[in-house]
Amino acid sequence: MSDLYDTDVLLWSEQQAGLLRRRAAGELVNDTELDWPNIAEEIESVGSEQRHAVESLLLQALLHRLKAEAWPLSREVAHWRSEARLFRAQARRRFVPSMRQRLDIAGLYHDALKALPELIDEQPPLPVSAVCPVTLDELLADD
């Protein structure tokens, strides 16, 4: 079973799902056909992928917010603010309460600071806070 997992994860997942459904319905299945270590790994990765998706959306929201703050006279400000709202809304829809303790907003803000370009419209950025000025709740709030 692990060989199939390594060579064709789609086929592996379909087969494993079928076996698990049959077992859940009370049918006897050969336990050796169930790839328990990889099943457990895949279940765990589902949560990690969801958390990473929310982190990515929040990072983009912070980056666009910072651009609007650092270059307030740019003609792109309205676009950046709109994008930040969209990323926040998408993060809000994917967020689940168990993520709260696992999301590092200060770290995401630091990453967004590092991602700021040196120049936009040939202008350097205005100074922005080195410390994250918003909380997770503020980021996820519905404006």
Side-chain angles (χ1 to χ4, degrees), residues 1-27 29-74 76-121 123-143:
M1 253 327 118
S2 286
D3 289 341
L4 185 57
Y5 178 81
D6 293 332
T7 59
D8 190 341
V9 74
L10 176 62
L11 181 58
W12 172 89
S13 66
E14 291 168 347
Q15 288 179 355
Q16 293 299 301
L19 289 167
L20 289 170
R21 284 187 186 95
R22 287 174 36 208
R23 185 172 178 168
E27 185 179 331
V29 296
N30 185 348
D31 261 4
T32 61
E33 292 182 60
L34 288 164
D35 186 3
W36 290 112
N38 285 322
I39 291 170
E41 186 175 314
E42 288 300 317
I43 290 170
E44 187 173 69
S45 75
V46 169
S48 293
E49 289 173 13
Q50 290 299 313
R51 180 176 45 84
H52 290 304
V54 170
E55 287 173 336
S56 178
L57 291 164
L58 292 175
L59 173 64
Q60 289 300 315
L62 290 166
L63 178 57
H64 283 75
R65 176 190 170 120
L66 281 168
K67 285 181 182 179
E69 185 180 335
W71 288 275
L73 301 179
S74 173
E76 298 297 323
V77 168
H79 172 72
W80 293 330
R81 288 188 177 140
S82 173
E83 289 288 299
R85 283 191 303 274
L86 177 62
F87 288 127
R88 290 174 52 224
Q90 290 173 333
R92 183 172 43 255
R93 279 197 308 278
R94 290 177 172 226
F95 176 81
V96 293
S98 63
M99 291 179 185
R100 181 170 297 282
Q101 298 304 317
R102 294 173 177 89
L103 293 173
D104 177 12
I105 300 305
L108 292 174
Y109 184 79
H110 179 74
D111 292 347
L113 284 173
K114 291 171 92 176
L116 279 176
E118 292 180 23
L119 298 172
I120 290 183
D121 299 330
Q123 298 295 313
L126 295 178
V128 294
S129 176
V131 178
C132 186
V134 294
T135 65
L136 175 60
D137 288 333
E138 290 168 336
L139 282 171
L140 296 175
D142 193 5
D143 293 328

Considering all heavy atoms of both residues, which atom of L66 and which atom of A112 are nearest to each other, and what is their separation? CD1-CB, 3.7 Å
Below 4.5 Å, heavy atoms only, C-beta onward: do N38 and V9 meet side chain to side chain? no
Check R65 against A84 and note the closest heavy-atom contact, atom names and distance. N-CB, 4.2 Å
Taking the side chain as C-beta and beyond, is there a heavy-atom pair between E76 and I120 under 4.5 Å? no
Could you tell me if T32 and N30 have a donor-acceptor pair between their side chains, going purely by distance under 3.5 Å? yes
To the nearest 0.5 angstrom, please state how far the CG atom of L139 sits from the OH atom of Y109. 11.0 Å
If I compare all heavy atoms of V77 with all of P72, which pair ends up nearest, and what's the gap? CG2-O, 3.5 Å
Let me confirm one number: the CG-CG distance from D111 to L62, rounded to the nearest 0.5 Å. 9.5 Å
Distance check, rounded to the nearest 0.5 Å: H110 atom NE2 versus K114 atom NZ? 4.0 Å
Any side-chain heavy atom of I105 within less than 4.5 Å of one from T135? no
According to ring-ring contact (aromatic ring centres under 6.0 Å, His included), who are the partners of F95, at least two apart in sequence or on a separate chain? none
Does some side-chain heavy atom of H64 sit less than 4.5 Å from a side-chain heavy atom of L86? no
With rounding to the nearest 0.5 Å, note down the distance linking CG in D121 to CG in L73. 10.0 Å
Looking at E138, is its backbone amide N or carbonyl O close enough to the side chain of R88 to form a donor-acceptor pair, meaning the two atoms are under 3.5 Å apart? yes
Within the 4.5 Å heavy-atom criterion, are L57 and R92 side-chain neighbours or not? no
Just how far is it from atom CH2 of W12 to atom CG of D3, taken to the nearest 0.5 Å? 13.0 Å
Could you state the interatomic distance from CG (L19) to CD (E14), rounded to the nearest 0.5 Å? 12.0 Å
Which residues pass the salt bridge (charged side-chain N to carboxylate O under 4.0 Å, His left out) test with R102, sequence neighbours left out? none
Looking only at non-hydrogen atoms, find the nearest pair between A91 and L58 and report the distance. CB-CD2, 3.7 Å
Would you indicate whether R21, at its atom CZ, is surrounded by more than 12 heavy atoms from other residues, nucleotides or ligands within a distance under 6.0 Å? no
Can you list every pair that meets side-chain hydrogen bond (donor to acceptor under 3.5 Å, both in side chains) and has a residue in residues 42-62, with sequence neighbours left out? Y5-E42, R51-E55, H52-E55
Answer whether the closest heavy-atom distance between the side chains of L108 and D104 falls below 4.5 Å. no
Where E118 and W71 come nearest, the two heavy atoms and their spacing: O-CZ2, 4.2 Å
Under the 3.5 angstrom rule, does the side chain of Q16 hit a backbone N or O of E33 as a donor-acceptor pair? yes
Compare all side-chain heavy atoms of L4 with those of D35 and state whether any distance is below 4.5 angstrom. no
